[in-house]
There are 2 protein chains.
Amino acid sequence: MAENKFNSKDMIARCVPMSRLQSVIGGKWKILILWYIAFYKVQRFGELMRRLDGITQSTLTKQLRELENDGFLHREIYKEIPPKVEYSLTEFGESFVPVLETMIAWSESYLCPDYKNPYEK
Amino acid sequence: MAENKFNSKDMIARCVPMSRLQSVIGGKWKILILWYIAFYKVQRFGELMRRLDGITQSTLTKQLRELENDGFLHREIYKEIPPKVEYSLTEFGESFVPVLETMIAWSESYLCPDYKNPYEK
DNA sequence: AGATATAGTATGATTTTATATACTATGTTT
DNA sequence: AAACATAGTATATAAAATCATACTATATCT
């Protein structure tokens, strides 16, 4: 049996950042949205709608607002007609990109091993 | 404006591993459960219950079953009274540990910067 | 004989998440 | 004059996730 060198109180305390991470990137679309914005430079609401197969406008709006409130995204509004809004990563959002990279690398190797990225040799 | 060197079809295809990852580690408790098992060597149902503040038995059971079905966890049943079951990472589950490490490192640095891990200098 | 321990299951209620549908604004194009 | 484009909002509904509560089994301890 493995030994546990942490006591109960420490274990609970240590868990806090993981809990926060869960609450911040949980949700059915968030890492996908961040992924599109970070790696494919998708910036427009309409394009995200087309990419995220099956999402509704109100759900996308809600997820984007939460990502904005949590500091990942910047939302630039242009006073034009028809309306134009561009989403981009904040500095904080950029800091999360290596985590996304680790996630996608693992997913491609272990979760979808038959998946072939056409841009890698 | 950033250029996008991927066409629409590729973008959708490329997204698949991220979608699967989302479906596999989404949910309110899963990365937390994996974290406890991987880093604190928690193996028993009852101990997980005590760690995961607020989770109910049925929810914990469901999450553990899903992690087992998705290949992350091994569930070893001992034919004893009172019942004894031990959870541990499979080889596949172990492959995910570096991702968990990246997640927690980012969370500690960026999400909970005031959090102090008592076991690091 | 009754309490204790562990790992659950069963049922139904509640909360959270997501969906469908209709609607808004207004400059430009047909 | 009507249609189009974009980025939404509003309202109501449905589906999924989670929770609360009560219950099961049975060897061992008191």
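Convention: sequence-line order gives letters A, B, ...; per-chain numbering from 1.
Other residues, nucleotides and ligands contribute more than 12 heavy atoms inside 6.0 Å of the CD atom of A/Glu76.
B/Lys84 places its NZ atom 11 Å from the C1' atom of C/dT6, with the value rounded to the nearest Å. Rounded to whole Å, the distance from CG on B/Leu60 to P on C/dT9 is 11 Å. Atom CD of B/Gln22 is separated from atom C1' of C/dA18 by 13 Å (rounded to the nearest Å). Here the P atom of nucleotide C/dT19 and the CG atom of A/Leu52 are 11 Å apart, to the nearest Å. Whole-Å rounding puts the A/Lys62 NZ to C/dA18 C1' distance at 8 Å. What separates CD of A/Glu66 from C1' of C/dA18 is a distance of 12 Å, to the nearest Å. The distance between atom NZ of B/Lys79 and atom P of C/dT6, rounded to the nearest whole Å, is 18 Å. Per the geometry, CD1 belonging to B/Ile77 stands 13 Å off C1' belonging to C/dT6, to the nearest Å.
Between B/Ser95 and A/Trp106, the side chains place a donor N or O and an acceptor N or O closer than 3.5 Å (distance only, hydrogens not considered). For the residue pair A/Tyr36 and A/Arg51, no side-chain donor N or O sits within less than 3.5 Å of a side-chain acceptor on the partner.
Scanning DNA chain D 5' to 3' for nucleotides with an atom closer than 4.0 angstrom to a non-hydrogen atom of chain A gives a first and last hit of D/dA5 to D/dT9.
At C/dT6, none of the side-chain N or O atoms of B/Arg44 fall inside 4.0 Å of OP1 or OP2 (strictly under the cut-off).
Here the nucleotide nearest the side chain of A/Gln57, chosen from C/dA18, C/dA7, C/dA22, is C/dA22.
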Run the numbers on A/Ser58 and A/Thr61 for side chain to side chain donor-acceptor pair (under 3.5 Å), then give the verdict.
CA-CA 5 Å; A/Ser58 41; A/Thr61 299; over 6 Å; no
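Of the two residues contacting DNA chain C, namely A/Pro82 and A/Gln63, the nearest-nucleotide position lying further toward the 5' end is that of A/Gln63. If you find the closest nucleotide of DNA chain C to A/Ile81 and to A/Thr56, the one lying nearer the 5' end belongs to A/Thr56.
Looking at A/Leu89 and A/Phe96, their side chains never come closer than 4.5 Å, going by heavy atoms from C-beta outward.
Taking the six-membered ring for Trp and the full ring otherwise, A/Trp35 and A/Phe72 have centroids separated by 6.0 Å or more.
Taking a cutoff of 4.0 Å between a charged side-chain nitrogen and a carboxylate oxygen, B/Glu66 and B/Lys30 qualify as a salt bridge.
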